[in-house]
Amino acid sequence: MSYQLISNCIRQLLEFLMLASSSSLKRINSLFCCCIVLLSLSDLQRQLLGVLGDKGERKSSLSVMAGNQDDDNAATDDDDDDDGQPFTPWNVSVASGHALLRSPQHNKGLAFSEKERDAHYLRGLLPPAVFTQELQEKRTLHLLRQYQVPLHRYIAMMDLQETNERLFYKLLIDNVDELLPVVYTPTVGEACQKYGSIYRRQQGLYISLKDKGKILEVLRNWPEKNIQVIVVTDGERILGLGDLGCQGMGIPVGKLSLYTALGGVRPSVCLPVTIDVGTKNEALLKDEFYIGLKQKRATGEEYNELLEEFMTAVKKNYGEKVLIQFEDFANHNAFELLSKYRSTHLVFNDDIQGTACVVLGGLLSALKLIGGTLSDHTFLFLGAGEAGTGIAELISLEILKKTKVTVEESRKKIWLVDSKGLIVRSRKDSLQHFKLPWAHDHAPVKGLLEAVKAIKPTILIGTSGVGKQFTKEVIEAMASINAKPLILALSNPTSQSECTAEEAYTWSQGHAIFASGSPFDPVMYDGKEFVPGQANNAYVFPGFGLGLIMCGAIRVHDEFLLVAAEALASQVTEEEYAKGIIYPPFKKIRKISAVIAAKVASRAYELGLASNLPRPKDLVKFAESCMYSPTYRHYR
């Protein structure tokens, strides 16, 4: 018996129950369905797909894991209406009337057709006009543009996500250049700072010290059971804004929105988590509207035990292949958690690995403009935390891969400056462990300007989290050493950027190649327009995660990061290079994500770290076919 036949039988049974002769009996049957239907069609499909294909063939779990067959994925046969069968909007019970309008996964607002309004008791609950999804999108974008304050746009977008999920994602996908800064950096930073005041409804899962010993139960409270990606933070280092405690939830929510919009991962398999262990932020502890635990941040054994329970519970509840992305943990915890769990869980730290991957992609791309190979250049970092050392390590791995030199040799041209000056061997006894590989032989140097003059770098990278550190003197010094100095001011949000695009181009007299962490507008200098690049982690982590999911990866290997960076660099065209651009435009982000996903999956298969077999013949096409589509579905 084929999967399609089983699906049709279930549909016919529902039609028999729902299409009774009288409207009163119709109501009774609807209530009857709500009581007896304990398993949704989508859940049954997920079970059957492991055994049966559309024509009774044996199928792998590839499509299921990547979201090609779930009821939330508009790229499935049902979504595209290939079989001419409309979709019945039911999950645990038949959704109709007011309940249907309150379901963000199924609500279409004014886009419900006349037939759908009759079939699902929507008459009178909506104005009589019928809109297309395109008209709704146009109307919503017009309303968003009326807001002058970015935070107000953020709030409006979050409200839309909680009322009409598909319209939210269609709007974001179609207008990514305009709306990415609204749902992600820089606006999300302000949203986190004011999260207690703007909090309206639950988004994500909150796990606190109060839940110790019960975290598995807390995870089971989440309504979706087939979770494939978790983004988790403890709120201690939100962007460059410090400890925001429980209010850091805006980061996991924003990141997972991008997993769906940019990487095509279904929203139903994404889980935002904030682990609340208190906060060191005195202002929040005194704030009557603060939504988290009002106590000093837990550390040491108490903290480690809670994180261990969380990691164990996640693996037990969701399995070996759930991706856990650590986000905005403080340096000491970020490195420790990644080191501790990378051999037992599928984990990824976006601040360490994601940032490094995006920056390496930009560097590989920039070689087309500045010439040479990575090993020919000298790198100077301002900032030696998780971002700076993560980028430095990935650069050295890429050099190691291409030149076959020793690890020590690959690190020799990479220098870091922290708050105490240039990291050199004479400081070895006082350095944190993650800085030790970068302590080279050199006389002590105090400031950044002095370090630039002493080291003579060709590439200057800022990850300090402190704004205005690339002064006029620093940029001028870089321009005096290099014909085309590469300046990367990566700290977020915009207020914390080491310099602005205008400053970089003006102070270098138009010679600099510039990219930043937060977006900057094009700059006119000496009659020429300069378009700054944005080294945004959103270029990589959505496609990276999709690649891990669709191949069923069980661990993250450093090789995955290298191939993802190379894939990103490959997407920049000659026309873009001619304009001094080192990152591709975001309007191509879904294509970029598909290419990155394919490269990551390919490397996983080659290294024997992929569990979804057999391997698809064309991984790029398969990645594109797996991507969630926000187009409305037609309900019967």
Side-chain angles (χ1 to χ4, degrees), residues 59-69 73 75 228-229 258-259 262-266 269 320-325 342-343 345-350 353-354 356-365 374 393-395 397-402 404 537-573 583-584 588-628:
K59 290 194 73 172
S60 70
S61 59
L62 286 172
S63 297
V64 181
M65 293 299 295
N68 196 36
Q69 296 288 348
N73 184 1
Q228 296 172 351
V229 185
L258 300 187
Y259 260 107
L262 311 186
V265 178
R266 284 175 295 122
V269 303
E320 184 85 13
K321 294 184 284 189
V322 61
L323 172 61
I324 304 169
Q325 178 170 313
R342 68 185 307 170
S343 61
H345 292 67
L346 185 66
V347 294
F348 172 72
N349 186 301
D350 192 43
Q353 297 166 297
C357 194
V358 170
V359 174
L360 178 58
L363 294 174
L364 293 173
S365 177
L374 277 185
E393 183 63 25
L394 203 62
I395 292 171
L397 288 176
E398 181 71 10
I399 293 173
L400 188 66
K401 176 182 175 181
K402 294 295 174 65
K404 308 300 182 183
N537 288 23
Y539 274 117
V540 167
F541 72 80
F544 191 86
L546 176 63
L548 296 174
I549 293 169
M550 75 185 202
C551 73
I554 54 175
R555 299 290 180 267
V556 173
H557 194 284
D558 286 337
E559 279 283 327
F560 298 174
L561 303 172
L562 297 179
V563 297
E566 292 164 3
L568 174 60
S570 73
Q571 297 303 296
V572 184
T573 65
Y583 287 101
K588 301 194 302 184
I589 188 60
R590 279 211 158 189
K591 176 64 177 176
I592 296 166
S593 293
V595 172
I596 290 174
K599 291 292 185 181
V600 170
S602 176
R603 200 73 186 101
Y605 281 112
E606 291 166 5
L607 294 174
L609 295 174
S611 63
N612 289 342
L613 301 172
R615 170 179 172 157
K617 291 181 179 179
D618 190 327
L619 284 168
V620 174
K621 285 186 178 179
F622 181 71
E624 290 173 340
S625 74
C626 291
M627 287 183 170
Y628 168 87

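Keep in mind it's a predicted model, so treat the numbers as computed, not measured.
T573 contributes atom OG1, which lies 10.0 Å from atom CD of Q571 (distance to the nearest 0.5 angstrom). To the nearest 0.5 Å, atom CD1 of residue I596 and atom CZ of residue F560 are 14.5 Å apart. For the atom pair L548 CG and L346 CG, the distance stands at 5.5 Å (nearest 0.5 Å). To the nearest 0.5 Å, atoms CZ (F622) and CG (L546) are separated by 9.0 Å. In this structure, CD1 on I399 lies 13.5 Å from NZ on K404, to the nearest 0.5 angstrom. Note: L360 CG to L374 CG = 6.5 Å, rounded to the nearest 0.5 Å.
Considering all non-hydrogen atoms of both residues, V229 and I549 come closest at CG2-CD1, 3.2 Å. Of all non-hydrogen atoms in P584 and V572, the two that sit nearest each other are CD-CG2, 3.6 Å. For the residue pair A594 and A623, the shortest heavy atom distance occurs at O-CB, 3.9 Å. The nearest pair of heavy atoms linking Y259 to Q325 is OH-OE1, 2.5 Å. Here the closest non-hydrogen pair linking I324 and H345 is CD1-CD2, 4.1 Å. Nearest approach of A601 to C551, heavy atoms of both residues: CB-CB, 3.8 Å.
The closest side-chain heavy-atom distance from S593 to M627 is below 4.5 Å. With contacts defined as side-chain heavy-atom distances shorter than 4.5 Å, the pair R555/E320 qualifies. Counting heavy atoms from C-beta outward, S602 and R615 have side chains that approach closer than 4.5 Å. Between I554 and K321 there is a side-chain heavy-atom pair separated by less than 4.5 Å. Side-chain contact check for L262 versus F541: every heavy-atom pair is 4.5 Å or farther apart. A heavy-atom distance below 4.5 Å is found between the side chains of K591 and V620.
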Inset, instruction - Evaluate the salt bridge (Lys or Arg N to Asp or Glu O under 4.0 Å) criterion for residues K599 and E559: first the C-alpha distance (whole Å), next the side-chain angles of each, then the deciding distance (0.1 Å), finally the verdict. - result: CA-CA 10 Å; K599 291 292 185 181; E559 279 283 327; over 6 Å; no
Inset, instruction - Just do the side-chain contact (heavy atoms from CB on, under 4.5 Å) check on N537 and F544 with the steps written out, would you? - result: CA-CA 11 Å; N537 288 23; F544 191 86; over 6 Å; no
Legend entry - Verdict with supporting geometry, V556 and V347, side-chain contact (heavy atoms from CB on, under 4.5 Å): CA-CA 7 Å; V556 173; V347 294; over 6 Å; no
Inset, instruction - Before giving the answer on salt bridge (Lys or Arg N to Asp or Glu O under 4.0 Å), spell out for K401 and D558 the whole-Å C-alpha distance, their side-chain angles and the decisive distance to 0.1 Å. - result: CA-CA 11 Å; K401 176 182 175 181; D558 286 337; over 6 Å; no
Legend entry - Residue pair E398, L363: steps toward the side-chain contact (heavy atoms from CB on, under 4.5 Å) verdict: CA-CA 11 Å; E398 181 71 10; L363 294 174; over 6 Å; no
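Between the side chain of Y605 and the main chain of N612, a donor-acceptor pair closer than 3.5 Å is present. Listed for the Y539 side chain is no donor-acceptor partner under 3.5 Å among the backbone atoms of I592.
The pair E606-R603 meets the salt-bridge criterion, with a side-chain N (NZ, NE, NH1 or NH2) lying under 4.0 Å from an Asp/Glu carboxylate O.
Within a 6.0 Å sphere centred on NZ of K621, heavy atoms belonging to other residues, nucleotides or ligands number 12 at most.
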